[in-house]
Amino acid sequence: MYGKAFAPEYQGALTSLSVNSSLDDVLAAGREQLAAAERAGRRAEAARSGLAVAEAHRRLGQVREADRAWKASYRAAREAGDTAAMAWALWSGGTLARQRGAFALAWRLLGLAAELGERGGDVVVRGYSLAGLAETGRIQGDYEAVGRLHEQLLAEARRRGEARHTVWALEGIAQMHRNTGSYDTAYAMFEEAAAIASDADDRRGHAWALRGLADVVSVRDGDTERALGLLTRAEESCRAMRLSSALAYNHKMRGNVLYRAGRHGEARAMYEEALAEFEAIAEPRGQALSRLGLAKCLARLGRDREETAAELADLARTMDRIGLRHAREMVRRAQEEFCDGQAAPGSAALVRAGR
């Protein structure tokens, strides 16, 4: 039903690159082709080679380089009059904005990318851009608004036999079911995503599916060792492809699994490792979630109650500022658990006001 996964963001002279190509290899090849295209004055090719450079930098967590690269790709595409290439550059920029926690900018850029993709007749970039909008809303916790869009994109991906997009949609819907307590449904969808990704040789999608399965196995079944084993398998792919963000989220999830098992000292170490990784790639959502896990661990390990309350109050403001609704609810539950629902002295009113 599904063919092998492919990477449509690797374009022009780079179409031979695999979805599983090492990001170092992608970056090297992209830079080489970009330089050649610029020397030859081929602006359209420069735009498409520059897109691969931007995506490699983004996935390696090199935010400033990625920002420069997608903007340069957009300028080259605009000079070449290549509407579809402009859309791809905006998609890359919007995805980077979401990664950086700039959700308003992500919505704007991804919306423009979808419009240009439709205008340029490129159904793939239009689909990727709509998927980016759906993922942005899901990450923010606005499930009602983007749930139908996820289902629509899943149906379209299944109809076209696009393994990579089918896996993405399944994982997104599964995550929403997991977060709302429908663990069996979430497990089944993560399991299907893992199977499709494995058959399509999509190592990135497979790693994310394994992470989702580990989460459900931990929270639903209490099977710590199986969950850790799934995460170890996922980590192998993350390291092989140098997926910095995915690796950090893997470590954060390992912290979650250990915390649920009552292994708070080990969980603390994993949250600290994940936090350092997220800080290195300037990913505020991951930083905030790691800080939350770390705060809960420290509370379990005997940290002063007022220090915990102050930390959670600061995290509440951070979640509000970033716009993470589901994560903000997680902070509220932690405040109820560790602080009787209270924030730090003098800041409770600010937290209740969402400031």
Side-chain angles (χ1 to χ4, degrees), residues 61 63 98-103 139-142 175 178-181 211 214-215 218-219 222 224 227-228 231 235 244-355:
V63 172
R98 182 179 65 240
Q99 183 173 312
R100 296 167 56 191
F103 294 112
I139 287 172
Q140 289 186 276
D142 195 357
Q175 190 64 51
R178 180 262 178 263
N179 289 347
T180 53
R211 176 185 174 276
D215 188 21
S218 167
V219 73
T224 302
L228 293 175
L231 290 171
E235 183 168 342
S244 303
S245 178
L247 182 61
Y249 276 107
N250 182 293
H251 290 159
K252 198 273 296 180
M253 181 57 68
R254 188 175 287 270
N256 291 357
V257 170
L258 292 167
Y259 178 85
R260 291 173 192 143
R263 294 158 61 173
H264 300 127
E266 294 173 78
R268 172 184 178 176
M270 289 311 308
Y271 285 130
E272 289 175 338
E273 183 173 349
L275 178 57
E277 290 169 331
F278 284 123
E279 288 174 342
I281 61 176
E283 188 161 335
R285 173 173 172 258
Q287 291 178 48
L289 291 172
S290 298
R291 283 180 58 201
L292 175 58
L294 185 57
K296 292 164 64 177
C297 278
L298 291 173
R300 291 289 185 193
L301 292 168
R303 187 187 197 183
D304 180 79
R305 183 176 176 278
E306 288 192 2
E307 290 181 10
T308 297
E311 175 76 6
L312 292 175
D314 184 61
L315 275 170
R317 292 190 290 272
T318 297
M319 301 302 187
D320 285 332
R321 175 175 50 79
I322 297 175
L324 298 172
R325 300 180 189 179
H326 178 72
R328 177 63 178 84
E329 175 61 19
M330 291 167 61
V331 174
R332 186 194 64 76
R333 292 198 297 268
Q335 289 175 314
E336 287 185 347
E337 181 177 1
F338 296 106
C339 314
D340 298 326
Q342 297 299 310
S347 61
L350 289 177
V351 173
R352 285 193 297 270
R355 296 180 183 174

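From a predicted model like this one, the values you see are computed outputs, not experimental measurements. Residue numbers start at 1 and run along the sequence shown.
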**Q** Any chance the side chains of Ser218 and Arg260 put a donor and an acceptor closer than 3.5 Å?
**A** yes

**Q** Rounded to the nearest 0.5 Å, what separates atom CZ in Phe338 from atom CZ in Arg303?
**A** 11.0 Å

**Q** So do the side chains of Leu312 and Leu292 get within less than 4.5 Å of each other, counting heavy atoms only?
**A** yes

**Q** Within a strict 4.5 Å, meaning less than it, do heavy atoms of the Leu289 and Leu324 side chains meet?
**A** no

**Q** Which atom pair, heavy atoms only, marks the closest approach of Ser244 to Ile281?
**A** CB-CG2, 4.0 Å

**Q** Is a salt bridge present between Glu329 and Arg325, judged by a nitrogen-to-oxygen distance below 4.0 Å?
**A** no

**Q** Determine whether the side chains of His326 and Gln140 contain a donor N or O and an acceptor N or O closer than 3.5 Å.
**A** no

**Q** Do Asp314 and Arg317 sit within salt-bridge range, that is, some charged N less than 4.0 Å from a carboxylate O?
**A** yes

**Q** Quick check against the 3.5 Å criterion: does Asn256 have a side-chain atom that pairs as donor or acceptor with the backbone of Gly293?
**A** no

**Q** Compute the ring centroids of Tyr259 and Tyr271, then answer whether they are less than 6.0 Å apart.
**A** no

**Q** If you compare all heavy atoms of Thr224 against all heavy atoms of Ala261, which two are closest, and at what distance to 0.1 Å?
**A** OG1-CB, 3.4 Å

**Q** Does a side-chain heavy-atom distance below 4.5 Å link Leu298 with Glu307?
**A** no

**Q** With side chains defined as the heavy atoms from C-beta onward, is the minimum distance between Gln99 and Arg285 less than 4.5 Å?
**A** no

**Q** For Tyr249, which of Arg211, Glu283, Glu277 qualifies under side chain to side chain donor-acceptor pair (under 3.5 Å)?
**A** Glu283

**Q** For the backbone of Cys339 and the side chain of Arg305, can you confirm whether one donor and one acceptor N or O come within less than 3.5 Å of each other?
**A** yes

**Q** If you measure from the Lys or Arg side-chain nitrogens to the Asp or Glu carboxylate oxygens, is any gap between Glu272 and Arg268 under 4.0 Å?
**A** yes

**Q** Quick check for you: to the nearest 0.5 Å, what is the distance between Leu294 atom CG and Glu273 atom CD?
**A** 12.5 Å

**Q** Which heavy-atom pair separates Leu315 from Val331 by the least distance, and what is that distance?
**A** CB-CG2, 4.3 Å

